[in-house]
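What follows is a short report on a single structure.
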2 protein chains.
Amino acid sequence: MLPNAAAGYELDPKQPIGAQVYGLLKRMIIGLTFKPNEALSEKELAVRLGVSRTPVREALIRLAEETLVDVFPQRGTIVSPIRVAEVMEAQFLREALEAAVARRAAEQPSTTLIRDLSRLIDDQTHAANAGLPEDYMPLDEAFHRTISEGTGMPRAWRLIQSVKGQMDRVRFLSLPNKAHMLLLTEQHAEIFKAIETQDPDRAEAAMRHHLKEVLKTIQELAAEMPAIFA
Amino acid sequence: MLPNAAAGYELDPKQPIGAQVYGLLKRMIIGLTFKPNEALSEKELAVRLGVSRTPVREALIRLAEETLVDVFPQRGTIVSPIRVAEVMEAQFLREALEAAVARRAAEQPSTTLIRDLSRLIDDQTHAANAGLPEDYMPLDEAFHRTISEGTGMPRAWRLIQSVKGQMDRVRFLSLPNKAHMLLLTEQHAEIFKAIETQDPDRAEAAMRHHLKEVLKTIQELAAEMPAIFA
DNA sequence: AGTGAGATACTACCATGGCATAAGCCGTGG
DNA sequence: CCACGGCTTATGCCATGGTAGTATCTCACT
């Protein structure tokens, strides 16, 4: 583990610690602060975060369900290696879910959904032009979340999130440049238009096309740097 | 809580207790041993099962992620009420996932998948003719699981399982009769044929039709006994 | 009688200690 | 030199104690 891996991450004692630890560890795994195959010790994480082992353990269990960590009973816990097959499966499942949700969204879009998505695309355009990936990525996430939750399907987003982790970790390897962010925003706009005009077929197609784009990035990376894959 | 709700369920100390408690509680919730809105106390469950509160707590966290229980911090935990909107969302998500998996299965079915599914349909025919729902339901479950896992998508089945709980609880209200079991088996056979003949469109359509059948049962029940729904 | 404040009895949450088990080391015997 | 067996050390797993927070109930006061 890195010397000060948890530096700068403070926990709010007024909120459930377990959930905070989960979110923190997940971000650190996806952000590659914790490298694949790196050992994660309950005890060491606890002292490093200044909490007890119980919430750390709870967080690791949740991460194990998302296969972001592998728990070997009585032996240890490691950050799971990036398995190409798993990433491909995650991509497949995400596409199935998001395509269905996009279709549903286009069937009966609420006015607030239209408004929220429209605003998000504006924000994305600005962030993309500013060329700041760290500003853009949360907006990308918000776009997809908004479609699910704004269509009355909060659980859909949670499922998507649980499979997305594996992909995000790969995607993080290449932070998008300005051109790429503008391309993504254009695809978002296409999805938005299909929803706004209540065209389910077009919405589903646009969403599938958009997600395929991400897959393309992943495949390039896998070819570039096979070292970190298992 | 019922007086001897845990009677007859023994835990194997040689296996991880937390996972066993999770499975046990899930079965009891789906089987309506624990009724919707019933209070579940960490402490009481622990003493009743003869284990400590820690693994019980871990199990409840996992169940909360599937929305089978609602945890109110510092207040208590209850078996979640059956919310029609949630059941509908679960149905929607399950259909999206299973339809995609069935399609994929039909594209390149392995010989072992064909063999396993064929055998399962035979077993289902026998169980249906014997008219024993308690024998049939595990076979139904195995059929759907086999399609996912036999197509190299183990995670798909886990996702499906995590949304299926809400539906199973409703479905449990009406154990199927012989005619119904035969109908389900027929639909399974139709899905199987489509996979065997490598006809993706037909496989997806057959799966969607099959799952819609379940939805029909649920809607009838919701109309029959609105009392237990929230 | 109705209302509000305080005591009380619960809850889930977190901390911590002891445990069994599995891997690695290290000396011993072949 | 190699292989095997006991020992050390680490891990995750479970048990249990203490704490903060919430709802309810009681009783004084209006």
Side-chain angles (χ1 to χ4, degrees), chain A residues 1 5-6 9-26 29 34-81, chain B residues 1 5-6 9-26 29 34-81:
Chain A
M1 186 177 321
Y9 295 97
E10 295 304 328
L11 298 178
D12 178 4
K14 286 298 169 192
Q15 291 186 354
I17 306 279
Q20 291 185 72
V21 173
Y22 163 76
L24 179 57
L25 291 180
K26 182 164 181 175
I29 291 173
F34 292 139
K35 300 280 187 297
N37 291 307
E38 182 173 345
L40 293 181
S41 161
E42 275 185 17
K43 198 171 300 188
E44 185 175 354
L45 285 174
V47 300
R48 196 174 295 276
L49 296 175
V51 299
S52 85
R53 303 195 307 277
T54 305
V56 172
R57 175 174 163 70
E58 290 169 4
L60 289 177
I61 290 176
R62 293 183 60 182
L63 291 170
E65 289 172 17
E66 301 181 22
T67 68
L68 285 175
V69 305
D70 295 339
V71 178
F72 299 94
Q74 317 298 353
R75 283 196 287 148
T77 301
I78 64 166
V79 178
S80 71
Chain B
M1 184 175 328
Y9 294 97
E10 295 304 330
L11 298 178
D12 177 3
K14 285 299 168 193
Q15 291 185 354
I17 307 279
Q20 291 184 72
V21 172
Y22 163 75
L24 179 57
L25 292 181
K26 181 165 182 176
I29 291 173
F34 292 139
K35 300 281 186 296
N37 290 309
E38 183 174 344
L40 293 180
S41 160
E42 274 185 18
K43 195 173 299 188
E44 185 175 354
L45 285 174
V47 300
R48 197 175 293 278
L49 296 175
V51 300
S52 85
R53 303 194 309 274
T54 305
V56 172
R57 174 174 165 71
E58 291 170 2
L60 290 177
I61 290 176
R62 293 184 59 182
L63 291 170
E65 288 172 17
E66 301 180 22
T67 67
L68 285 175
V69 304
D70 294 340
V71 178
F72 300 94
Q74 315 299 355
R75 284 197 284 150
T77 302
I78 64 167
V79 179
S80 72

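So that the names make sense, note that chain A is the first sequence line, chain B the second, and so on, each numbered from 1.
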Checking side-chain contact (heavy atoms from CB on, under 4.5 Å) for the pair A:Arg62/A:Lys26: CA distance, chi angles, key distance, verdict?
-> CA-CA 10 Å; A:Arg62 293 183 60 182; A:Lys26 182 164 181 175; over 6 Å; no
Kindly point out which of [options] is positioned nearest to the side chain of [X]?
X	options	answer
B:Arg75	C:dA12, D:dA23, C:dC14	D:dA23
A:Val51	C:dA15, D:dA15, C:dA12	C:dA15
B:Val71	D:dT16, D:dA23, C:dC13	C:dC13
A:Gln74	D:dG12, C:dC13, C:dA12	D:dG12
B:Arg53	C:dA22, C:dC13, D:dA15	C:dC13
B:Arg57	C:dC13, C:dA23, D:dG12	C:dC13

Find the distance [X]:[atom1] to [N]:[atom2] and express it as a whole number of Å.
X	N	atom1	atom2	value
B:Phe72	C:dT11	CZ	C1'	13 Å
B:Leu49	D:dC14	CG	P	13 Å
B:Ile61	C:dC14	CD1	P	9 Å
A:Ile78	D:dT11	CD1	P	15 Å
A:Leu40	D:dA10	CG	P	18 Å
A:Glu58	C:dA15	CD	C1'	12 Å
A:Glu42	C:dG17	CD	C1'	14 Å
B:Gln15	D:dC13	CD	P	14 Å

Of B:Asp70, B:Ile78, B:Val69, the residue whose pairing with B:Leu40 passes side chain to side chain contact (heavy atoms under 4.5 Å, CB included) |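 Passing option: B:Val69.
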OP1 or OP2 of [N] versus the side-chain N and O atoms of [X]: is any pair under 4.0 Å?
X	N	value
A:Ser52	C:dA15	yes
A:Lys14	D:dG21	yes
A:Ser41	D:dT11	yes

B:Gln20 (side chain) donor-acceptor with B:Gln15 (main chain) under 3.5 angstrom =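 A pair under 3.5 Å: yes.
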Determine yes or no for a side-chain-to-main-chain donor-acceptor pair under 3.5 angstrom, with B:Ser80 supplying the side chain and B:Leu68 the backbone.
->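 Yes, B:Ser80 side chain to B:Leu68 backbone: donor-acceptor pair under 3.5 Å.
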What about B:Thr77: does its side chain form a donor-acceptor pair under 3.5 Å with the base of C:dA12?
-> no
Are side-chain heavy atoms of A:Ile61 and B:Ile61 found at a separation under 4.5 Å?
-> no
Result for 5'-nearest mapping on DNA chain C, choosing between A:Lys43 and A:Ile17, is A:Ile17
